[in-house]
Amino acid sequence: MEAAVRGGMPDRAHGPLAALRHWAEHVDRPVATGLVLRCRALLADDGDADALYAEALRLHERHGGPYERARTQLVYGEWLRRRRRRAEARGHLAAAVSAFERLGAQLWAERARGELAAFGERGGEPQRSGPLTLLTPQELQVVRLAAHGHTNKEIAAQLFLSPRTVGHHLYKAYPKLGVTGRAELADLVLTADAGHRRSSAPGHQSR
């Protein structure tokens, strides 16, 4: 449902939402109700969406566990940012980054950091050096996945983008990084990440 809405095809979400609501009524558990509320909010008008997101977050804070809570904070924070409610959005997005980092959900953490970057913030990400710092947050997400061997179609599915948009991000990133293809890209990104892990390791001292 989220992919359909982000992909500009909200009509494709109505059938799955009806099925989810039917399932949740039979399950009758707060976490299931929270999922339905979150998905309803994705499709709702502004006047209804705010209350739906807030109630979904309340249920997930009490019953849903850290992952569902962070997922709700992310989409709610994105919604708030688009409506220029900056302080509220920043709080939810920063909390989502922290939760995803603790859970090891790196792709979700990067998406939340990308939203925070719209405020000029890095979402707690350690400072890096080198050519990767020249990329926008979304270019960095795309480049990392490409460096690990994912196709444009696979990257698009993971980031809720179109394959054409993924190709555009790579087209913009290559000259910034001084590479011409995926083999060079993989060498650069993996080397940069390995160096960052070494420099961030406890007990490391710069010479």
Side-chain angles (χ1 to χ4, degrees), residues 2-9 66-67 70-71 73-75 77-79 81-82 86 89-207:
E2 186 176 343
V5 172
R6 287 175 65 88
M9 298 176 288
Y67 178 75
R71 290 282 289 108
Q73 286 172 319
L74 173 57
V75 292
E78 290 173 335
W79 184 87
R81 187 183 72 77
R82 291 194 298 270
R86 298 172 63 89
R90 188 181 287 110
H92 287 304
L93 293 169
V97 170
S98 297
F100 288 136
E101 288 286 1
R102 289 194 300 271
L103 293 166
Q106 291 303 319
L107 286 177
W108 289 116
E110 288 187 15
R111 175 170 150 187
R113 278 196 294 267
E115 289 289 323
L116 278 174
F119 297 117
E121 301 177 12
R122 298 301 296 177
E125 184 181 26
Q127 294 297 311
R128 296 176 179 269
S129 59
L132 294 182
T133 60
L134 301 174
L135 304 179
T136 67
Q138 194 156 81
E139 286 171 354
L140 183 59
Q141 287 181 295
V142 170
V143 159
R144 281 230 176 90
L145 290 170
H148 284 84
H150 294 282
T151 66
N152 285 13
K153 186 176 181 179
E154 291 169 340
I155 296 169
Q158 290 195 48
L159 300 181
F160 300 110
L161 301 172
S162 70
R164 182 176 180 179
T165 299
V166 170
H168 175 73
H169 283 311
L170 289 172
Y171 174 79
K172 299 284 284 186
Y174 281 2
K176 292 181 182 181
L177 300 175
V179 302
T180 58
R182 291 190 180 227
E184 293 177 80
L185 180 68
D187 288 342
L188 184 149
V189 171
L190 298 179
T191 299
D193 284 349
H196 176 70
R197 286 193 294 271
R198 286 195 299 271
S199 65
S200 300
H204 175 84
Q205 295 182 351
S206 299
R207 288 184 173 87

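Values reported hereafter were calculated over all heavy atoms of this structure, with side chains retained and with hydrogens, waters and symmetry mates removed. This is a predicted model, so every value here is computed, not measured.
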Under the side chain to side chain contact (heavy atoms under 4.5 Å, CB included) rule, what do Val142 and Thr165 come out as? Steps first, then yes or no, please.
-> CA-CA 10 Å; Val142 170; Thr165 299; over 6 Å; no
What is the minimum heavy-atom distance between [X] and [Y], and which atoms define it?
| X | Y | answer |
| --- | --- | --- |
| Asn152 | Pro163 | ND2-O, 4.1 Å |
| Ala186 | Ala147 | CB-O, 3.5 Å |
| Ser162 | Ala156 | C-CB, 3.7 Å |
| Glu2 | Val75 | OE2-CG1, 3.5 Å |
| Arg71 | Phe100 | N-CZ, 3.8 Å |
| Leu170 | Ala146 | CD2-CB, 4.0 Å |

When rounded to the nearest 0.5 angstrom, what distance separates [atom1] in [X] from [atom2] in [Y]?
| X | Y | atom1 | atom2 | answer |
| --- | --- | --- | --- | --- |
| His169 | Leu140 | NE2 | CG | 11.5 Å |
| Leu145 | Leu107 | CG | CG | 5.5 Å |
| Leu116 | His92 | CG | NE2 | 12.0 Å |
| Glu101 | Arg113 | CD | CZ | 4.5 Å |

Would you say the side-chain atoms of His168 pair up with the backbone N or O of Arg164, donor to acceptor, closer than 3.5 Å?
-> no
Residue pairs passing the salt bridge (Lys or Arg N to Asp or Glu O under 4.0 Å) test where at least one lies in residues 166-188, sequence neighbours excluded = Glu139-Lys176
Partners passing side chain to side chain donor-acceptor pair (under 3.5 Å) against Tyr174 (at least two apart in sequence or in another chain) |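 In terms of side chain to side chain donor-acceptor pair (under 3.5 Å), with neighbours along the sequence ignored, Tyr174 is linked to no residue.
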